[in-house]
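Read through the structure below, which is laid out as structure tokens, and then see the notes.
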Amino acid sequence: QVHLVESGGGSAQAGGSLRLSCSASADTYSSRCMGWFRQAPGNEREGIAAVYTGGGSTYYADSVKGRFTISLDNAKNTLYLEMISLKPEDTAMYYCAAENGWRVYCLPDISPHHFDYWGQGTQVTVSS
């Protein structure tokens, strides 16, 4: 059973920071591409960061490059998204997602169509 649980969302002032966590079961976490997505009301779901849990490159959307960092804690089967220099336009529901594991790398376009399993989401609100 694939199970992803996000936490760490909340409110921040512009210029502030937040860290999101995504806890996964061991079989969900191992050797697959995992990523972070966000969706604001009226917008399509946007892929913002991805990493292969077996090791490899990280990928970021241009909108967050240089401000957000995706990372792994393999001992805890946890995926993180460190967000700094937050902007009001970062306000959205943030989702953790995992591919089904047949691919041994992440594709750089971070499309939601590549991902098979999703967490319930955590809200991030940035005020100016």
Side-chain angles (χ1 to χ4, degrees):
Q1 181 75 18
V2 176
H3 195 52
L4 301 169
V5 180
E6 302 98 334
S7 59
S11 299
Q13 296 280 340
S17 61
L18 287 171
R19 188 177 78 160
L20 306 184
S21 300
C22 174
S23 176
S25 57
D27 57 346
T28 302
Y29 186 86
S30 63
S31 302
R32 65 179 77 228
C33 182
M34 295 187 71
W36 287 99
F37 294 77
R38 66 185 182 186
Q39 188 168 20
N43 289 358
E44 293 186 354
R45 190 164 294 191
E46 176 191 17
I48 56 175
V51 64
Y52 182 68
T53 61
S57 299
T58 53
Y59 299 95
Y60 296 95
D62 289 342
S63 57
V64 305
K65 200 172 292 182
R67 299 188 299 120
F68 290 11
T69 303
I70 190 170
S71 62
L72 303 165
D73 185 333
N74 292 337
K76 296 181 179 179
N77 295 340
T78 301
L79 180 73
Y80 298 102
L81 185 69
E82 189 79 37
M83 307 184 293
I84 65 170
S85 302
L86 284 164
K87 305 175 182 180
E89 51 264 45
D90 294 320
T91 295
M93 185 71 78
Y94 283 69
Y95 298 90
C96 171
E99 291 192 0
N100 62 17
W102 69 269
R103 199 186 341 253
V104 295
Y105 52 88
C106 290
L107 292 171
D109 63 339
I110 322 176
S111 168
H113 300 294
H114 301 320
F115 290 77
D116 304 282
Y117 308 107
W118 296 84
Q120 82 288 350
T122 186
Q123 178 68 36
V124 171
T125 302
V126 183
S127 56
S128 57

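Nothing here was measured: the structure is a model prediction, and the numbers come from that model.
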Task: Any side-chain heavy-atom pair of L81 and I48 under 4.5 Å - done: yes
Task: Polar side-chain atom of D116 near backbone of N100 as donor-acceptor pair, under 3.5 Å - done: yes
Open item on the list: Strictly distance-based, threshold 3.5 Å: is any side-chain N or O of E6 a donor or acceptor partner for the main-chain N or O of C96?
Closed with: yes
TODO: Anything under 30° is parallel, anything over 60° is perpendicular, the rest tilted; go ahead and classify Y94 against F68.
DONE: tilted
- [ ] For residues A98 and R32, report the shortest heavy-atom separation together with the two atoms involved.
- [x] CB-CD, 3.7 Å
Open item on the list: In the structure I gave you, are the side-chain heavy atoms of Y59 and I70 within less than 4.5 Å of one another anywhere?
Closed with: no
Open item on the list: Please determine whether residues V64 and V51 belong to a single hydrophobic cluster, defined as Ile, Leu, Val, Met, Phe, Trp and Tyr linked transitively by side-chain heavy-atom distances below 4.5 Å.
Closed with: yes
Task: Residue pair A24 / L4: nearest heavy atoms and the distance that separates them - done: CB-CD2, 3.7 Å
Open item on the list: Would you say that N43 contacts R38 through its side chain, given a criterion of any heavy-atom pair below 4.5 Å between the two side chains?
Closed with: no
Task: Donor-acceptor under 3.5 Å (S21 side chain, Y80 main chain) - done: no
- [ ] Could you check if a side-chain atom of T78 sits within less than 4.5 angstrom of a side-chain atom of L72, using non-hydrogen atoms only?
- [x] no
Open item on the list: Assigning hydrophobic clusters by single linkage (Ile, Leu, Val, Met, Phe, Trp, Tyr; side-chain heavy-atom cutoff under 4.5 Å), is M93 placed with I110?
Closed with: yes
Task: Pairwise distance OG1(T122) to CH2(W36) - rounded to 0.5 angstrom - done: 7.5 Å
Open item on the list: Quick check for you: to the nearest 0.5 Å, what is the distance between C22 atom SG and D73 atom CG?
Closed with: 12.5 Å
Open item on the list: Once rounded to the nearest 0.5 Å, what's the spacing between atom OG of S23 and atom CG of L79?
Closed with: 10.5 Å
Task: Closest non-hydrogen atom pair, F37 against G47 - done: CD2-CA, 3.2 Å
- [ ] Drop me the distance from I84's CD1 to R67's CZ, to the nearest 0.5 angstrom.
- [x] 8.5 Å
Open item on the list: For a quick test of reading the model, state the closest non-hydrogen atom pair linking W118 to F115 and the distance between them.
Closed with: NE1-O, 3.7 Å
TODO: List the steps and the verdict of salt bridge (charged side-chain N to carboxylate O under 4.0 Å, His left out) for K65 and D62.
DONE: CA-CA 5 Å; K65 200 172 292 182; D62 289 342; 3.2 Å; yes
- [ ] Could you pull out the closest heavy-atom pair between Y52 and C106, with the gap in Å?
- [x] N-SG, 3.4 Å
TODO: Could you tell me whether the side chain of S17 reaches within less than 4.5 Å of the side chain of M83, counting heavy atoms only?
DONE: no
TODO: Any chance you could measure L107, atom CG, to E99, atom CD, to the nearest 0.5 Å?
DONE: 6.5 Å
Task: Point-to-point distance, once rounded to the nearest 0.5 Å, from OG of S7 to CZ of R19 - done: 9.0 Å
Open item on the list: Could you check whether any side-chain heavy atom of V126 comes within less than 4.5 Å of a side-chain heavy atom of E89, counting everything from C-beta outward?
Closed with: no
Task: Residue pair P88 / S128: nearest heavy atoms and the distance that separates them - done: CG-CB, 3.9 Å
TODO: Determine the sole option in R45, E44, E46 for which the side chain to side chain donor-acceptor pair (under 3.5 Å) test with Q39 is passed.
DONE: R45
